[in-house]
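These notes concern the structure reproduced below.
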Amino acid sequence: GSQTPGGVNVSAFEMDVDLPPTFKGYPTVLELDEDTCVDLIDLLDYANDDRTSKGDLRFEITVLGKTPVNVTLNDGHFIRADGYNDTSPDYSNDNVSGDIALIVKTYDDSGLISAVTDIMIRVRQVNDPPALNVTPVLSLDQGKTWSFDPFEEKDWLYDAEKDPITVTP
(Lines give C-alpha, C1' and ligand atoms only; values in the text may rest on other atoms or scores of the structure.)
Protein backbone atom coordinates (compact mmCIF):
# COMPACT_ATOMS: atom_id res chain seq x y z
CA GLY A 1 0.00 0.00 0.00
CA SER A 2 0.70 3.64 -0.17
CA GLN A 3 2.29 5.43 2.74
CA THR A 4 0.34 8.59 2.00
CA PRO A 5 -3.35 8.99 1.35
CA GLY A 6 -4.47 9.80 -2.18
CA GLY A 7 -3.39 8.67 -5.60
CA VAL A 8 -1.60 9.73 -8.74
CA ASN A 9 -3.41 10.55 -11.94
CA VAL A 10 -1.42 10.81 -15.17
CA SER A 11 -3.53 12.50 -17.78
CA ALA A 12 -0.95 13.42 -20.41
CA PHE A 13 2.59 12.40 -21.08
CA GLU A 14 4.79 13.94 -23.72
CA MET A 15 8.29 12.83 -24.57
CA ASP A 16 10.46 14.75 -27.00
CA VAL A 17 13.22 12.54 -28.42
CA ASP A 18 16.09 13.96 -30.44
CA LEU A 19 16.67 11.71 -33.41
CA PRO A 20 19.89 11.40 -35.43
CA PRO A 21 20.00 13.11 -38.81
CA THR A 22 18.80 11.25 -41.88
CA PHE A 23 20.50 10.99 -45.25
CA LYS A 24 18.09 9.71 -47.90
CA GLY A 25 17.49 9.66 -51.65
CA TYR A 26 21.14 10.23 -52.57
CA PRO A 27 22.82 8.73 -55.64
CA THR A 28 25.07 5.82 -54.74
CA VAL A 29 27.35 6.26 -57.76
CA LEU A 30 28.90 9.65 -58.55
CA GLU A 31 30.74 9.90 -61.86
CA LEU A 32 33.93 11.83 -62.59
CA ASP A 33 35.88 12.04 -65.84
CA GLU A 34 39.59 11.62 -65.20
CA ASP A 35 41.64 14.79 -65.54
CA THR A 36 38.80 16.92 -64.08
CA CYS A 37 38.11 18.59 -60.75
CA VAL A 38 34.44 19.10 -59.84
CA ASP A 39 31.95 19.24 -56.99
CA LEU A 40 29.99 16.02 -57.51
CA ILE A 41 27.14 16.35 -54.99
CA ASP A 42 25.73 18.80 -52.45
CA LEU A 43 25.16 16.71 -49.32
CA LEU A 44 22.65 19.26 -47.97
CA ASP A 45 20.22 18.17 -50.70
CA TYR A 46 19.88 14.73 -49.05
CA ALA A 47 20.27 15.41 -45.30
CA ASN A 48 17.59 16.33 -42.76
CA ASP A 49 17.27 16.51 -38.99
CA ASP A 50 14.38 16.89 -36.61
CA ARG A 51 15.96 19.80 -34.70
CA THR A 52 19.04 21.07 -36.53
CA SER A 53 18.53 23.24 -39.60
CA LYS A 54 20.09 22.05 -42.86
CA GLY A 55 22.67 24.80 -42.84
CA ASP A 56 23.90 23.75 -39.39
CA LEU A 57 24.40 20.07 -40.20
CA ARG A 58 28.05 18.98 -40.40
CA PHE A 59 29.52 16.36 -42.70
CA GLU A 60 32.60 14.18 -42.73
CA ILE A 61 33.84 11.93 -45.52
CA THR A 62 36.29 9.07 -45.35
CA VAL A 63 37.90 7.58 -48.44
CA LEU A 64 38.32 3.83 -48.16
CA GLY A 65 41.64 2.66 -49.58
CA LYS A 66 44.32 4.55 -51.47
CA THR A 67 43.50 6.64 -54.50
CA PRO A 68 45.38 9.22 -56.57
CA VAL A 69 42.16 11.23 -56.81
CA ASN A 70 41.93 13.80 -54.03
CA VAL A 71 38.44 13.64 -52.45
CA THR A 72 37.52 16.46 -50.06
CA LEU A 73 34.58 18.44 -48.69
CA ASN A 74 34.28 21.80 -50.39
CA ASP A 75 32.49 24.52 -48.41
CA GLY A 76 31.64 21.89 -45.78
CA HIS A 77 28.95 20.09 -47.80
CA PHE A 78 30.02 19.47 -51.41
CA ILE A 79 31.94 16.28 -52.23
CA ARG A 80 34.77 17.45 -54.48
CA ALA A 81 36.85 15.01 -56.50
CA ASP A 82 40.07 16.25 -58.03
CA GLY A 83 41.42 13.97 -60.72
CA TYR A 84 43.22 16.86 -62.36
CA ASN A 85 45.72 18.24 -59.84
CA ASP A 86 48.16 15.57 -58.76
CA THR A 87 48.51 16.08 -55.00
CA SER A 88 49.56 12.57 -54.04
CA PRO A 89 53.27 11.84 -53.54
CA ASP A 90 52.78 8.11 -54.08
CA TYR A 91 50.56 8.02 -57.15
CA SER A 92 50.10 9.81 -60.42
CA ASN A 93 46.51 10.62 -61.25
CA ASP A 94 47.12 10.71 -65.00
CA ASN A 95 44.93 8.20 -66.78
CA VAL A 96 43.45 6.82 -63.59
CA SER A 97 40.07 5.11 -63.62
CA GLY A 98 38.07 2.91 -61.29
CA ASP A 99 35.86 3.14 -58.22
CA ILE A 100 36.48 5.02 -54.97
CA ALA A 101 34.39 3.95 -51.95
CA LEU A 102 33.34 6.59 -49.38
CA ILE A 103 31.79 6.76 -45.94
CA VAL A 104 29.68 9.89 -45.44
CA LYS A 105 28.79 10.91 -41.89
CA THR A 106 26.20 13.54 -40.96
CA TYR A 107 26.23 15.24 -37.53
CA ASP A 108 23.52 17.37 -35.94
CA ASP A 109 23.94 20.06 -33.24
CA SER A 110 23.52 17.46 -30.49
CA GLY A 111 26.38 15.37 -31.85
CA LEU A 112 24.08 12.63 -33.08
CA ILE A 113 25.42 10.94 -36.19
CA SER A 114 24.27 8.92 -39.15
CA ALA A 115 26.58 7.26 -41.63
CA VAL A 116 26.16 5.81 -45.09
CA THR A 117 28.71 3.49 -46.61
CA ASP A 118 27.36 2.85 -50.09
CA ILE A 119 28.51 5.95 -51.98
CA MET A 120 31.07 5.40 -54.69
CA ILE A 121 32.89 7.72 -57.07
CA ARG A 122 33.37 6.10 -60.47
CA VAL A 123 36.32 7.68 -62.29
CA ARG A 124 35.91 7.28 -66.03
CA GLN A 125 38.98 7.25 -68.22
CA VAL A 126 38.78 9.65 -71.13
CA ASN A 127 40.60 9.25 -74.40
CA ASP A 128 43.51 11.66 -74.27
CA PRO A 129 44.96 12.78 -77.59
CA PRO A 130 48.33 11.36 -78.56
CA ALA A 131 51.27 13.52 -77.58
CA LEU A 132 54.33 14.40 -79.57
CA ASN A 133 57.56 13.37 -77.97
CA VAL A 134 59.95 15.28 -80.21
CA THR A 135 63.06 17.12 -79.18
CA PRO A 136 63.15 20.28 -81.25
CA VAL A 137 66.09 20.88 -83.52
CA LEU A 138 67.80 23.86 -81.95
CA SER A 139 70.51 24.31 -84.56
CA LEU A 140 71.52 23.03 -87.96
CA ASP A 141 75.01 23.07 -89.33
CA GLN A 142 75.40 24.72 -92.68
CA GLY A 143 76.06 22.25 -95.42
CA LYS A 144 74.77 19.25 -93.42
CA THR A 145 71.51 17.48 -94.17
CA TRP A 146 68.86 16.91 -91.51
CA SER A 147 65.86 14.71 -92.09
CA PHE A 148 63.01 13.24 -90.13
CA ASP A 149 60.74 10.47 -91.41
CA PRO A 150 57.64 10.14 -89.18
CA PHE A 151 56.70 6.85 -90.84
CA GLU A 152 59.92 5.14 -89.78
CA GLU A 153 60.57 6.74 -86.39
CA LYS A 154 57.47 6.00 -84.28
CA ASP A 155 59.01 6.84 -80.88
CA TRP A 156 58.04 10.45 -81.37
CA LEU A 157 54.36 9.69 -80.65
CA TYR A 158 52.96 8.71 -77.25
CA ASP A 159 49.45 7.64 -76.28
CA ALA A 160 48.60 7.74 -72.57
CA GLU A 161 46.10 4.88 -72.79
CA LYS A 162 48.59 2.77 -74.81
CA ASP A 163 46.20 2.71 -77.76
CA PRO A 164 47.83 1.77 -81.08
CA ILE A 165 48.89 4.76 -83.12
CA THR A 166 48.71 4.71 -86.88
CA VAL A 167 50.58 7.25 -88.97
CA THR A 168 49.29 7.67 -92.50
CA PRO A 169 50.59 9.92 -95.28
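What you see is a predicted model, and the numbers here were worked out from it, not measured in a lab.
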If you apply the rule side-chain hydrogen bond (donor to acceptor under 3.5 Å, both in side chains), what do you find for D118 with Y26, and how did you get there? CA-CA 10 Å; D118 60 346; Y26 55 91; 2.7 Å; yes
Take V71 and L102, measure what side chain to side chain contact (heavy atoms under 4.5 Å, CB included) needs, and give me the verdict at the end. CA-CA 9 Å; V71 181; L102 303 176; 4.0 Å; yes
Taking it one step at a time, do I79 and D39 satisfy side chain to side chain contact (heavy atoms under 4.5 Å, CB included)? CA-CA 6 Å; I79 294 180; D39 289 341; over 6 Å; no
Can D49 and Y107 be said to form a side chain to side chain contact (heavy atoms under 4.5 Å, CB included), step by step? CA-CA 9 Å; D49 189 65; Y107 297 88; over 6 Å; no
I'd like to know whether I113 forms a side chain to side chain contact (heavy atoms under 4.5 Å, CB included) with T106, so could you lay out the CA-CA distance, the side-chain angles of the two residues, the decisive distance to 0.1 Å, and finally the verdict. CA-CA 5 Å; I113 182 174; T106 309; over 6 Å; no
Quick one, R124 with E34, criterion salt bridge (charged side-chain N to carboxylate O under 4.0 Å, His left out). Give me CA distance, side-chain angles, the key distance, then yes/no. CA-CA 6 Å; R124 297 180 299 223; E34 58 129 336; over 6 Å; no
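To the nearest 0.5 Å, atoms CG (N74) and CG (D42) are separated by 10.0 Å. Note: S53 OG to N48 CG = 11.0 Å, rounded to the nearest 0.5 Å. One finds the CD1 atom of I119 at 6.0 Å from the CG atom of L30 (value rounded to the nearest 0.5 Å). Taken to the nearest 0.5 Å, the CG atom of D45 stands 8.5 Å off from the CG atom of L43. Taking CD1 of I121 as the start and CZ of R80 as the end, the distance is 12.0 Å to the nearest 0.5 Å.
Residue D108 comes nearest to R58 through the heavy atom pair O-NH2, 3.4 Å, listed as atom of the first residue, atom of the second, then distance. Annotation for F23 and A47: closest pair CD1-CB, 3.9 Å, computed over non-hydrogen atoms. Between L73 and F59, the closest heavy-atom pair is CD1-O, 3.2 Å. Considering all non-hydrogen atoms of both residues, L44 and K54 come closest at O-NZ, 2.6 Å. Heavy atoms only, all atoms of each residue included: L32 and G83 are closest at CD2-N, 4.3 Å.
Using modelled atom types, no side-chain atom of S110 and backbone atom of L112 make a donor-acceptor pair closer than 3.5 Å. Judged purely by atom type and a 3.5 angstrom limit, D75 has no side-chain atom pairing as donor or acceptor with the backbone of H77. T52 places a side-chain N or O within donor-acceptor distance of the main-chain N or O of D109, the cut-off being under 3.5 Å. A donor-acceptor pair under 3.5 Å is absent between the side-chain atoms of K105 and the main chain of I61, judged by distance alone.
Using a 4.0 Å cut-off between a side-chain N of Lys or Arg and a carboxylate O of Asp or Glu, R51 and D16 qualify as a salt bridge.
A side chain to side chain contact (heavy atoms under 4.5 Å, CB included) with V69 is found for exactly one of V123, D82, T36, namely V123. None of I41, V116, T22 except one satisfies the side chain to side chain contact (heavy atoms under 4.5 Å, CB included) rule with Y46; the exception is I41.
In the hydrophobic clustering of this structure, I100 groups with L40; members are Ile, Leu, Val, Met, Phe, Trp, Tyr whose side-chain heavy atoms approach within less than 4.5 Å, directly or through other members. Taken together through direct or relayed side-chain contacts under 4.5 Å among Ile, Leu, Val, Met, Phe, Trp and Tyr, V38 and M120 form parts of separate hydrophobic clusters.
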